[in-house]
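Here is the structure we will look at.
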Amino acid sequence: MSIPTGPVDLSLLPSSSVVGDDGRLTIGGCDVVGLSEEFATPLFVYDEAHLRAACREAVAAWGDGVAYATKAFLCVAMARLAHEEGMCLDVSTGGELHVALIAGVPAERLVLHGNNKSTEELAAALSVGVGRIIVDSFDEIDRIERLIADPPALEGGPEDAEAPVRSRPKVLARITPGVEVHTHEFVRTGQEDSKFGFGLASGSAARAVERLAALDAAGVVEFVGIHAHLGSQVFALEPFAQAIDVLADFFAPLGLPELVVGGGLGVAYVNGEQAPTMAEWAESVRAACRRAGIADSVRVTAEPGRSIVAAAGVTLYRVGTVKDVPGHRTYVSVDGGMSDNPRPVLYGSGYEAFLPREADALRPVPIRLVGKHCETGDVVVAEGYVPDDLAVGDVLCTPVTGAYGHSMASNYNKVPRPAVVFVADGSARTVVRRETFDDLVRLDV
Ligand code: LLP
C-alpha cells in the first residue's frame with residue numbers, strides 16, 4: 001500500500017525514468033538535476049520515448065482515426081510527434097489549427113472541434129481541407145452552409161482571395177448523451193445541461209441529424225458520424241459503456257460509419273491511484289458497442305489528450321524559501337506555481353513532489369508546496385511530504401504534469417513561461433524556449 005510519507009511511486013514517473021544506486025533520477029538517459037542546471041527552472045521535461053509509446057498504444061487500441069487532443073499539450077514538436085506516430089490531431093480553435101498546420105500535419109489528419117467556431121475558423125478549416133469537423137450548434141450548421149454556398153475571399157493578397165473553400169467537408173454531430181461522470185464539475189461535459197453539442201433528451205440531437213442528413217443529400221457536407229465526449233479525468237469505464245447504450249438506439253438507425261467517444265481517460269496523479277489502460281478503455285467501449293448492436297463495420301475511435309501526455313512530463317522547480325509557521329505548517333516556495341500549473345487552484349488537483357537527487361528517499365516532513373505568485377491560492381501541492389534534508393536551492397520535481405500545465409500556463413505576475421525540453425537517449429532538446437522579460441512586452445504598443 002502507498003503511504004504519503006514513503007518515496008514517490010516510480011510508476012508515476014515517465015517510463016524511461018531510472019533511479020540510480022545513489023538515488024539520482026535520470027529520464028531519457030539525462031540526469032534530472034543536470035537538466036535543471038542546463039536549462040534553468042521552472043522547466044517542463046518530457047520523455048520522448050514515453051510520448052511515442054503512448055501514441056502508438058492509442059493507435060493500437062483504437063485503430064486509424066484516433067486523435068490526440070492537442071489542448072492537453074501543444075507545440076510544434078508535439079504535433080509532429082503525434083502525427084509521426086500515426087495519430088490524427090484534435091484542434092479546437094484557430095490557434096491550435098495554426099500550430100498543427102505549421103508543424104506540417106496534413107490537414108486531412110485534423111479534426112476541428114469547438115462550441116463556438118467563428119466564421120473565420122470554419123473558413124480556414126474548410127479552405128485547408130480538415131479531415132473532420134465536429135458540428136456543435138445550429139448556428140455552426142448555418143455558418144458552414146453559408147461558407148460553402150458563398151466562399152469568402154480570404155484576407156490578404158489576391159492569391160489568398162482565390163483560395164478555394166473546399167467542398168463537402170466530412171462532419172460529425174456532437175451529441176450530449178445525458179450521462180454524468182464522477183469528475184470535477186468544470187470538466188464534466190456529457191450531461192444534458194451543457195454548452196457543448198446537441199442534447200439527446202431535448203430532441204435537438206434529432207433535429208441536428210435531420211439537418212446534416214439533408215445537407216449530405218444536397219451534396220453540401222458528408223455526414224459521417226456521431227461524437228460524444230463525457231468529461232475528463234474519468235477513472236471508471238462504466239460511464240463510457242453507459243453512453244454507448246444511450247447513444248446506440250439513436251446512432252444505429254442512422255447507418256453512419258463513424259462513432260467517436262471523445263477523450264477523458266483518467267490518469268494516476270498521486271501515490272496509490274490507478275487508472276485503466278488505453279487498451280482497457282478501448283476494449284470496454286468496443287464491448288459496449290457489440291452489446292448495443294452497433295455494426296462491426298463502424299469506425300469507433302476516441303480523442304485522448306491527458307492519457308497521452310500527462311505522465312510523460314514532469315516539472316522541475318528550484319526551492320527558494322522554506323518558512324515554518326509555528327502551530328500551522330511549513331511552506332516551501334518554488335520559482336513557478338499557478339502560472340505553470342493552475343490545476344490545483346482550478347480543480348483542487350493533487351500532485352506528488354520529490355527531490356530528483358534522492359528520488360527513492362522517504363518523505364517524512366509535511367509541507368505545503370507553494371509558488372511565487374501574489375495570492376494565497378497559489379498552491380502546487382496543498383498537503384505534500386518531502387525528505388527531511390530538503391534545503392533552499394534544491395530542485396523539486398512534480399511528476400504527471402505533462403497535461404494541461406504548459407497548455408494552460410499564463411504570465412500572471414509577469415512570470416515568463418518555462419521552457420519545454422524533450423529528452424531521449426541521453427540527450428535533451430529545447431522544443432519551446434523559455435520566455436524572456438522582453439517577451440513580456442512584445443505585444444505592448
Ligand atoms: N475531446 C474533447 C471534445 C474534449 O473536450 C477534451 C477535453 C478531450 C477530447 C480530451 O480529454 P482528455 O483525454 O484530455 O481528458 N483543463 C482540464 C481538462 C479539460 C478537458 C477539456 N476537454 C484539466 O486540467 O483537468
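None of the values given here were measured: they were computed from a predicted structure. Ligands are counted one by one from 1 in listed order, and the atoms in each one are counted from 1 as well.
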Worksheet entry | From R306, R343, R174, Q233 - option closest to atom 3 (C) of ligand 1 by heavy atom | R174
Worksheet item: Looking at S232, which atoms of ligand 1 are within less than 4.0 Å of one of its heavy atoms?
Response: 11 (O), 12 (P), 14 (O), 15 (O), 18 (C), 20 (C)
Discussion item. Please report the interatomic distance CG(L265) to CZ(R306), rounded to the nearest 0.5 Å.
Written reply: 9.5 Å
Discussion item. Below a 4.0 angstrom heavy-atom separation, can you tell me which part of E303, side chain or backbone, both or neither, approaches ligand 1?
Written reply: both
Worksheet entry | Distance-only polar pair, side chains of S333 and T321, donor-acceptor under 3.5 Å | yes
Worksheet entry | Heavy atom of G264, distance to ligand 1 below 4.0 Å | yes
Fill in: D216: which of K170, R211, R168 passes salt bridge (charged side-chain N to carboxylate O under 4.0 Å, His left out)
R168
Discussion item. Below 4.0 Å, non-hydrogen atoms only: which portion of Y347 touches ligand 1? Side chain, backbone, both or neither.
Written reply: side chain
Fill in: Mode of I134 contact toward ligand 1 - side chain, backbone, both, neither (heavy atoms, under 4.0 Å)
neither
Worksheet item: Which ring pair (Phe, Tyr, Trp, His ring centres under 6.0 Å) pairs, counting each pair once, include a residue from residues 256-301, with sequence neighbours left out?
Response: W62-W281, F240-W281, Y269-Y351
Item to complete: Indicate yes or no: does an N/O atom of G231 lie under 3.5 Å from an N/O atom of ligand 1?
Response: no
Practice prompt. I would like to know whether D64 and R109 meet salt bridge (Lys or Arg N to Asp or Glu O under 4.0 Å); could you show each step before the answer?
Written response: CA-CA 10 Å; D64 187 41; R109 301 295 288 169; 3.1 Å; yes
Discussion item. If the cut-off is 4.0 Å to any non-hydrogen atom of A69, which atoms of ligand 1 fall inside it?
Written reply: 8 (C), 9 (C), 10 (C)
Item to complete: Could you pull out, from A302, G305, A72, the option with a heavy atom nearest to atom 13 (O) of ligand 1?
Response: G305
Worksheet item: Under 30°, 30 to 60°, or over 60°: which ring-plane class applies to Y412 and H373, parallel, tilted or perpendicular?
Response: parallel
